[in-house]
Amino acid sequence: MTRAIIIGAPRSGSGKTSVTIGILRALARRGLKVRGAKSGPDYIDPGFHTAATGLSGVNLDSWAMPPALLNALAGDATEDADFIFLESAMGLFDGIPAAPGRTGSAADLARLYGLPVLLVLDVSGQSTTAAAVAKGFATYDPDVRMAGVVLNRLGSERHRRLCGDAIEAIGLPVVGAILRDPSLNLPERHLGLVQAGEYENLMVHLDRLADMVERSLDLDAIMALAAPFAPASGSFDDALPPPGQRIALAEDAAFTFLYPHVAAHWRKAGAEIVAFSPLADEAPGENCDVCWLPGGYPELHAGRLAAAAKFRAGIEAFSATRPVHGECGGFMVLGEALEDALGETHRMLGLLGHSTSFAKRKMNLGYREARLRADCPLGTQGALIRGHEFHYAQMIATGSDEPLADLADGQGNPLGASGYRRGHVSGTFFHAIARGE
């Protein structure tokens, strides 16, 4: 029987990602089959989970995924794992106002699956007050059980005693105490952590986190806190279907943001994914029947993309007869031009008429629900797609292409037309996660 525990915190930046990765790597080094999962729409952390364990990470999103799909993905995750460590996005209870159990928070998953929570507290700048925070978490929702606490960013052994004794006095076990060590911090950029695939010495860093966990946490106690994880039977009916039989997928440092569950389902449904690298000036394979440009960081590589003549010619020829779809960064590359952070404008593919700017930044963040106005690789006309938007780029020219979808936020408030389509080409700023109900 697979056992699981949720790793939560009061907010982003508390250190739960480093703790999660360190635990995953430490237990994998012991020879255990351990898998990482992530609540909510995060496409970066699952890459670290995969690297640390050798088992693919998975997103579990109570808002974007219908319950049957959520159960199906959770069930698949248990098939070859002894333990699952489910990392919370943001704060444990953070989601959006929605129907009970559909807020997108990790707390939804704790209630649904009866999973205990390991609470990571950044106690820098406080001492016994940490017990008040822990007690608030322990009593806020009787259906979400705090099983133990990890103290993070301690300044000294005295600091540990003050915080730890106060927390244990309210009945919560302290199963870890981590001293401040900035060298263990994972590098970040504007959309989150620098991705796992960009490290030259990734495993060295993961092993350092595992060493820290071995020193600082009681791993045997944490494993004992985990609970049996047996999701109800589910269905993949609402998973995004493969957009084609052979999918040309852009995959390099500029194009990286494809949810693991999306690619896994495409393969499970019998499709073949054929990767190519625009940064290496490669074109989509001629034997493919659809091309997908995922999100990523094209704004950091705009000059190289603009100079990739074979990529440009190849995708222009491809799009004359077959579908091409771009999400977020991929959508930016499909447009006429991209202005980088320094204000330099680079010519993009011009398969759609819009232009974007990373010099004029504004954060766009939130769940999205889209009703498709036309058939495209996301689905058929009229289909409802749930997803997420997170980018700093802004549209600086809209062009004259037809809109792709009517967009609403996570609470159903209309946001207007979104995305564009022209011939076989389509694109949106939002990332699709699953079909809506």
Side-chain angles (χ1 to χ4, degrees), residues 4 6-12 37-43 58-78 84 86-117 136-146 227 229-241 259 261-262 265 364-372 378-379 382-390 405-416 418 428 430-437:
I6 292 173
I7 299 182
R11 58 175 175 82
S12 296
K38 180 77 178 186
S39 75
D42 185 306
Y43 25 62
V58 64
N59 294 85
L60 298 174
D61 192 312
S62 66
W63 182 86
M65 297 171 177
L69 176 58
L70 189 67
N71 285 336
L73 288 168
D76 270 11
T78 67
I84 292 176
L86 201 165
E87 181 188 348
S88 167
M90 301 175 61
L92 178 68
F93 295 97
D94 292 335
I96 64 170
R102 299 299 303 275
T103 72
S105 72
D108 286 348
L109 304 176
R111 296 185 201 97
L112 176 63
Y113 297 122
L115 296 181
V117 176
F137 271 79
T139 60
Y140 179 72
D141 185 335
D143 294 326
V144 179
R145 180 172 66 87
M146 302 301 122
F229 187 27
S233 60
S235 164
F236 285 96
D237 289 350
D238 290 314
L240 293 174
Y259 291 109
H261 75 275
V262 171
H265 180 69
N364 295 270
L365 173 67
Y367 282 124
R368 300 290 183 258
E369 191 168 65
R371 180 78 67 178
L372 299 179
L378 290 177
L384 197 63
I385 306 294
R386 282 195 162 188
H388 187 262
E389 191 170 341
F390 183 22
D406 294 304
L407 207 62
D409 66 15
Q411 296 176 265
N413 300 308
L415 298 175
S418 176
T428 67
F430 76 89
H431 298 260
I433 295 175
R435 294 199 282 202
E437 301 153 278

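Checked against salt bridge (charged side-chain N to carboxylate O under 4.0 Å, His left out), D409 has no partners two or more places apart in sequence or in another chain. Looking at residues two or more places apart in sequence or on another chain, you find a salt bridge (charged side-chain N to carboxylate O under 4.0 Å, His left out) between R111 and D108, D141. Under the side chain to side chain contact (heavy atoms under 4.5 Å, CB included) criterion, A68 pairs with S235, sequence neighbours left out. Remark: R145 engages P116, A147 in a side chain to side chain contact (heavy atoms under 4.5 Å, CB included) (not counting sequence neighbours). Listed by chain and number, the residues in a salt bridge (charged side-chain N to carboxylate O under 4.0 Å, His left out) with R102 are E437 (sequence neighbours excluded). Checked against side chain to side chain contact (heavy atoms under 4.5 Å, CB included), A77 has the following partners two or more places apart in sequence or in another chain: R35, V58, I84. For A230, the side chain to side chain contact (heavy atoms under 4.5 Å, CB included) criterion is met by M1, not counting sequence neighbours. Under the ring-ring contact (aromatic ring centres under 6.0 Å, His included) criterion, F93 pairs with F137, Y140, not counting sequence neighbours. Taking the salt bridge (charged side-chain N to carboxylate O under 4.0 Å, His left out) definition, one finds that D61 meets it with nothing, sequence neighbours left out.
One distance of note links CG of L378 with CG of L384; it measures 11.5 Å at 0.5 Å rounding. If you take NE2 on H431 and CD1 on I385, they are separated by 14.5 Å, rounding to the nearest 0.5 Å.
A donor-acceptor pair under 3.5 Å is formed between the side chain of S39 and the backbone N or O of A89.
Counting only residues at least two apart or on different chains, the salt bridge (charged side-chain N to carboxylate O under 4.0 Å, His left out) pairs with a member in residues 86-96 are K38-E87. Listed by first then second residue, pairs satisfying side chain to side chain donor-acceptor pair (under 3.5 Å) with a partner in residues 64-76 read N71-Y113, D76-K268, not counting sequence neighbours.
Side-chain contact check for I433 versus P41: some heavy-atom pair is nearer than 4.5 Å.
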